[in-house]
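Take a look at the structure set out below.
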Amino acid sequence: MHGGNLAWAAALAGCSPSAILDFSASINPLGAPRSAIAAIQNSLDLLREYPDPEYAALRSALGKFHQISPEWILPGNGAAELLTWACWDLAKLEVTYLLTPAFSDYFRALKAFGAKIDRCPLKMQGNRSKFKIQNEKLSLQGAGFLLNNPHNPTGRLFTRESILPYLEEFSLVVVDEAFMDFLTPDRQQSLIDAVQNYPNLVILRSLTKFYSLPGLRIGYAIAHPDRLNEWQQRRDPWSVNVLAEIAAIAMLRDTVFQHQTWDWLASAKPLLFSGLEQLPGLQPLPSAANFFLVKTEQSSSEIQRQLLERFRILIRDCLSFAELGDRYFRVAVRSRDENQRLVESLTKIL
Ligand SMILES: Cc1ncc(COP(=O)(O)O)c(C=O)c1O
């Protein structure tokens, strides 16, 4: 269901998990930042203490980063934990419109609380494979809307202006911005600065993809303090561990790493796109994020199997996205050399 299943891939490829070149999880290949690793190493003594249940230092660092007051921010055990709480709120509504294809965890979290889900499929537009929200499907007051921006798996970026009208219509809008950091600040379309005007808006952010620390588990929600206080009172205490808190504070300050990431992506991404585009039967979709959804004339699970068995390369098939099935796969952007290896391996297979 998720990318990055290296144990499964290694069993198929007949090698150790560390020998797999993983394009299936969309994680920044430059990380983890040295600043975060050093902060963790220097703070191991803190493991003897409980975390601050209010996460005051981290909230303050996040507040500074986003220029928003700390009580509007709640750190969590990855965006995934906060998604669960957002879905708890969505489940209180009559129905939740879910933009599909959707990250599989949305279904997990919505179903956990018995939310009624109405799929709102992104429509393919023309032969440039641009996806569009089908507005005519969306109507109800008393309903919620869950979407992500940039959208996983299509890479589509919705403008702020295209989402703002939904805040007037829906009782609750949850925008998962897990991949927003990959865009340079001038291109980001975050709704964080709208939160103070809309108590019905929840933003979810992840620190695990951009900073390449999915094993650490750290994300945060930005929403009205009343909502966040309610979540805080209901959830397990100390859901963010001390090392995650310390690392997050260090990497938010690491502007060098942030700029290195934007520079790497600006040079590696267009090359990977054109490499994929030139292959017979493949059509990568334009993407605002650090991954591409690729349409394929051949079976994507067959391509995945061959890449694994012959080249120890793992891509993400899209079988768990009901709307996409076996005619799409997703690849992360990695270093230029690794991307080249992917394109050359695909050339041999196709
Ligand atoms: C769209 C999206 N949102 C959220 C997450 C979860 O992020 P985290 O690792 O912060 O829990 C993922 C992870 O794959 C994701 O793809």
Side-chain angles (χ1 to χ4, degrees), residues 1-6 22-29 31-32 36 55 58 62 73-87 90 96 98-110 112 122 131 145-158 163 173-183 188-191 202-223 231 235-236 239-241 243-245 247-248 251-252 287-293 314-318 320-321 323-324 328-333:
M1 296 295 269
H2 293 267
N5 191 344
L6 293 181
D22 183 14
F23 283 86
S24 73
S26 302
I27 303 290
N28 182 352
Y55 298 107
L58 176 54
L62 286 164
I73 304 169
L74 184 68
N77 195 248
E81 189 217 352
L82 299 155
L83 171 70
T84 300
W85 293 110
C87 289
L90 283 168
T96 296
L98 176 61
L99 201 62
T100 58
F103 174 45
S104 56
D105 222 39
Y106 298 163
F107 292 99
R108 187 266 314 158
L110 286 166
L122 276 171
F131 282 94
F145 189 26
L146 171 55
L147 70 159
N148 81 316
N149 195 29
H151 180 255
N152 174 16
T154 65
R156 175 98 164 80
L157 180 70
F158 303 105
I163 302 175
V173 176
V174 178
V175 187
D176 174 357
E177 296 184 348
F179 290 95
M180 192 63 85
D181 286 322
F182 285 98
L183 285 103
Q188 292 187 8
Q189 295 292 326
S190 175
L191 283 175
V202 171
I203 313 271
L204 303 176
R205 304 278 294 218
S206 171
L207 289 171
T208 73
K209 290 155 192 314
F210 187 85
Y211 296 98
S212 202
L213 283 166
L216 192 63
R217 313 305 306 131
I218 178 79
Y220 51 101
I222 303 185
W231 294 4
R235 71 176 181 171
D236 290 355
S239 58
V240 176
N241 68 74
L243 298 181
E245 182 176 23
M251 55 211 192
L252 287 168
S287 165
N290 59 326
F291 53 79
F292 289 114
L293 184 66
L314 176 61
I315 59 169
R316 173 76 155 86
D317 70 40
C318 288
S320 67
F321 299 104
E323 296 76 7
L324 299 179
Y328 287 89
F329 62 84
R330 195 191 65 200
V331 287
V333 183

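Counting starts at 1 for both ligands and their atoms, in listed order. All values reported here derive from a predicted model rather than from experimental measurement.
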*Atoms of ligand 1 less than 4.0 Å from Asn152 heavy atoms?*
1 (C), 16 (O)
*Could you say whether the N/O atoms of Ala80 and ligand 1 ever approach to under 3.5 Å?*
yes
*Gly219: heavy atom below 4.0 Å from ligand 1, yes or no?*
no
_Test item: side-chain donor near acceptor, Arg217 and Ser239, under 3.5 Å_ = no
*Assess whether side-chain contact (heavy atoms from CB on, under 4.5 Å) is satisfied between Phe292 and Val333, documenting all intermediate values.*
CA-CA 8 Å; Phe292 289 114; Val333 183; 4.0 Å; yes
*Give the numbers and elements of all ligand 1 atoms closer than 4.0 Å to a heavy atom of Ala178.*
2 (C), 3 (N), 4 (C)
_I want to check something: taking the side chain as every heavy atom from C-beta on, are Pro101 and Pro153 in contact at a cut-off of under 4.5 Å?_
yes
*Return yes if some donor-acceptor pair links the side-chain N/O of Asn148 with the main-chain N/O of His151 below 3.5 Å, else return no.*
no
*So is Asn77 polar-close to ligand 1, meaning N/O to N/O under 3.5 Å?*
no
*Atoms of ligand 1 close to Thr208 [distance to a heavy atom under 4.0 angstrom, numbered from 1]*: 8 (P), 9 (O), 10 (O)
*asked:* So, regarding Gly78 and ligand 1 (criterion: nitrogen or oxygen to nitrogen or oxygen, under 3.5 Å), is there a contact or not?
replied: no
*asked:* Below a 4.0 angstrom heavy-atom separation, can you tell me which part of Tyr106, side chain or backbone, both or neither, approaches ligand 1?
replied: side chain
*Between Phe210 and Phe182, does the ring centre distance come in under 6.0 Å?*
yes
*side chain to side chain donor-acceptor pair (under 3.5 Å) assessment of Asn152 paired with Arg330*: CA-CA 9 Å; Asn152 174 16; Arg330 195 191 65 200; 2.8 Å; yes
*Using a strict 4.0 Å cut-off to heavy atoms of Phe179, name the atoms of ligand 1 that fall inside it.*
1 (C), 16 (O)
_Can you name the atoms of ligand 1, numbered from 1 with element, that are less than 4.0 Å from a heavy atom of Asn148?_
1 (C)
*Could you tell me if any non-hydrogen atom of Tyr220 lies under 4.0 Å from any atom of ligand 1?*
no
*asked:* Apply side chain to side chain donor-acceptor pair (under 3.5 Å) to residues Arg316 and Ser26 and explain how you reach the verdict.
replied: CA-CA 10 Å; Arg316 173 76 155 86; Ser26 302; over 6 Å; no
*For ligand 1, which atoms sit closer than 4.0 Å to a heavy atom of Lys209?*
5 (C), 7 (O), 12 (C), 13 (C), 14 (O), 15 (C), 16 (O)
_Please list, in number order, the atoms of ligand 1 under 4.0 Å from a heavy atom of Ala79._
7 (O), 8 (P), 10 (O), 11 (O)
*Relative to the heavy atoms of Arg217, which atoms of ligand 1 are at a distance of less than 4.0 Å?*
8 (P), 9 (O), 11 (O)
_Name the residue from Leu58, Leu207, Leu74 that meets the side chain to side chain contact (heavy atoms under 4.5 Å, CB included) definition with Tyr220._
Leu207
*State, with a plain yes or no, whether a side-chain heavy atom of Leu147 is found less than 4.5 Å away from one of Val173.*
yes
*asked:* Tell me whether Glu81 reaches ligand 1 (any heavy atom closer than 4.0 angstrom to a ligand atom).
replied: no
Return all side-chain donor-acceptor pairs below 3.5 angstrom for residues 174-181, not counting sequence neighbours, or 'none' if the list is empty.
unit_1, atom_1, unit_2, atom_2, d
Asp176, OD1, Ala178, N, 2.9
Asp176, OD2, Tyr106, OH, 2.6
Glu177, OE1, Ser190, OG, 2.7
Glu177, OE1, Arg205, NH1, 2.8
Glu177, OE2, Ser190, OG, 3.4
Glu177, OE2, Leu191, N, 2.9
Asp181, OD1, Arg205, NH2, 2.8

*Under 3.5 Å: N/O of Asp176 near N/O of ligand 1*: yes
